[in-house]
Amino acid sequence: MSESSWSWTSRKELPSRKGAHQEHLAEILRELERLGWDPNGRDYFGVLMALEESLTNAIRHGNKCDESKQVLVECKISPDRFWLRVTDEGPGFKPQSVPDCTADENLECCGGRGLALIQAYMTYVQYNECGNSVTMEKTRVISAAS
């Protein structure tokens, strides 16, 4: 998709402070609604979950709530696509090393659920080599009834 095909784009740096992402998250959700994404629909909910998890993970786990570090949030939205890249200044991680939160032995562990939600709801998810940046995309499912 060419840059001109996106209806809305944003590039912001957020401080690594708990809750610092809330205002930008709300702005992105308003743009989704403005572009026709149903706030009661599965696709909107999936984007909300992926946004919340990726931004929270970058602040808490990536940058360890170190306010001297920033989280870069790049977002593009069209009526039928959502694209997001979240990059923190932390050392990164290996997504494949995170235990499967659905395995019986991990059901009571508190880690890995956010990554599983992102994988479940997004059409495409990719981490950079060092693991401090995630790029994801959601292609909206538009039913004939819409």
Side-chain angles (χ1 to χ4, degrees), residues 1 5-66 69-143 145-146:
M1 182 176 260
S5 300
W6 294 104
S7 303
W8 184 82
T9 62
S10 173
R11 186 178 196 279
K12 289 199 177 179
E13 288 188 352
L14 304 176
S16 293
R17 173 178 70 247
K18 286 183 182 175
H21 65 291
Q22 292 298 329
E23 186 177 319
H24 191 45
L25 186 146
E27 177 184 14
I28 292 169
L29 295 177
R30 282 191 302 273
E31 290 301 322
L32 283 170
E33 289 182 48
R34 184 182 68 81
L35 291 169
W37 291 62
D38 178 4
N40 297 311
R42 176 175 161 69
D43 292 332
Y44 181 96
F45 179 78
V47 168
L48 168 61
M49 293 301 298
L51 273 166
E52 181 65 43
E53 292 299 333
S54 61
L55 296 174
T56 300
N57 284 348
I59 291 169
R60 290 179 59 213
H61 301 296
N63 288 346
K64 309 268 190 252
C65 294
D66 179 347
K69 295 181 178 179
Q70 300 288 306
V71 173
L72 176 61
V73 182
E74 300 167 272
C75 185
K76 302 174 189 179
I77 306 172
S78 75
D80 61 347
R81 285 179 59 204
F82 167 83
W83 181 93
L84 178 71
R85 179 176 295 136
V86 177
T87 306
D88 62 56
E89 295 182 55
F93 77 111
K94 298 287 182 219
Q96 64 274 17
S97 70
V98 176
D100 176 3
C101 65
T102 64
D104 287 343
E105 66 273 13
N106 298 325
L107 290 177
E108 294 183 20
C109 296
C110 59
R113 287 184 180 82
L115 298 182
L117 287 168
I118 291 169
Q119 281 293 145
Y121 282 110
M122 293 294 102
T123 307
Y124 168 86
V125 179
Q126 182 176 12
Y127 294 87
N128 69 351
E129 194 170 311
C130 85
N132 73 332
S133 183
V134 61
T135 302
M136 62 189 80
E137 188 169 319
K138 177 67 179 171
T139 302
R140 185 172 167 213
V141 178
I142 302 174
S143 66
S146 293

Closest non-hydrogen atom pair between Gly62 and Pro91, with its separation: O-CD, 4.0 Å
Pairwise distance CE(Met136) to CD(Gln119) - rounded to 0.5 angstrom: 9.0 Å
Side-chain heavy-atom pair Val86, Ser133 within 4.5 angstrom cut-off: no
From His21, Glu27, Glu23, residue fulfilling side chain to side chain donor-acceptor pair (under 3.5 Å) relative to Lys12: Glu27
Point-to-point distance, once rounded to the nearest 0.5 Å, from CZ of Phe93 to CG of Asn132: 10.0 Å
Over all atoms of both residues, closest heavy-atom pair of Cys75 and Leu84: CB-CD1, 4.1 Å
Any Glu52 side-chain heavy atom under 4.5 Å of Gln22 side chain: yes
Evaluation steps, side chain to side chain contact (heavy atoms under 4.5 Å, CB included), between Lys64 and Glu89: CA-CA 10 Å; Lys64 309 268 190 252; Glu89 295 182 55; over 6 Å; no
Pair Trp8-Leu32, side chain to side chain contact (heavy atoms under 4.5 Å, CB included): steps then yes or no: CA-CA 9 Å; Trp8 184 82; Leu32 283 170; over 6 Å; no
Any donor-acceptor N/O pair, Gln126 side chain to Thr135 backbone, under 3.5 Å: no
CE-CD1 distance between Met49 and Ile118, expressed to the nearest 0.5 angstrom: 9.0 Å
Pair His24-Ser10, side chain to side chain contact (heavy atoms under 4.5 Å, CB included): steps then yes or no: CA-CA 10 Å; His24 191 45; Ser10 173; 3.1 Å; yes
Side-chain donor/acceptor of Arg140 to backbone N/O of Pro79, under 3.5 Å: yes
Closest non-hydrogen atom pair between Glu31 and Ile77, with its separation: CB-CD1, 4.0 Å
Spacing of CG belonging to Asn57 relative to CG belonging to Asp88, to within rounding of 0.5 Å: 9.0 Å
Minimum-distance pair of heavy atoms, taken over all atoms of Trp6 and Ser78: CE3-N, 3.7 Å
Salt bridge Asp43-Lys138, side-chain N to carboxylate O under 4.0 Å: yes
With sequence neighbours excluded, residues passing salt bridge (charged side-chain N to carboxylate O under 4.0 Å, His left out) with Arg30: none
Least distance between heavy atoms, Met122 atom then Ala50 atom: CE-CB, 3.7 Å
Residues in side chain to side chain contact (heavy atoms under 4.5 Å, CB included) contact with Leu48, at least two apart in sequence or another chain: Leu25, Leu29
Heavy-atom donor-acceptor pair, Ser54 side chain to Leu51 backbone, under 3.5 Å: yes
Nearest-0.5 Å distance that lies between atom OG1 in Thr87 and atom CD in Gln70: 12.5 Å
Nearest heavy-atom neighbours spanning Asn63 and Gly90: OD1-N, 3.1 Å
Parallel, tilted or perpendicular, as decided by the 30° and 60° cut-offs, for the rings of Trp37 and Phe82: perpendicular
Interatomic spacing from CZ in Arg17 to CZ in Arg60 - rounded to 0.5 Å: 16.0 Å
Arg42 atom CZ, neighbour heavy-atom count above 12 within 6.0 Å: no
Side-chain donor or acceptor of Ser16 paired with backbone N/O of Lys69 under 3.5 Å: yes
Trace of the side chain to side chain contact (heavy atoms under 4.5 Å, CB included) decision for Glu74 with Trp83: CA-CA 8 Å; Glu74 300 167 272; Trp83 181 93; 3.9 Å; yes
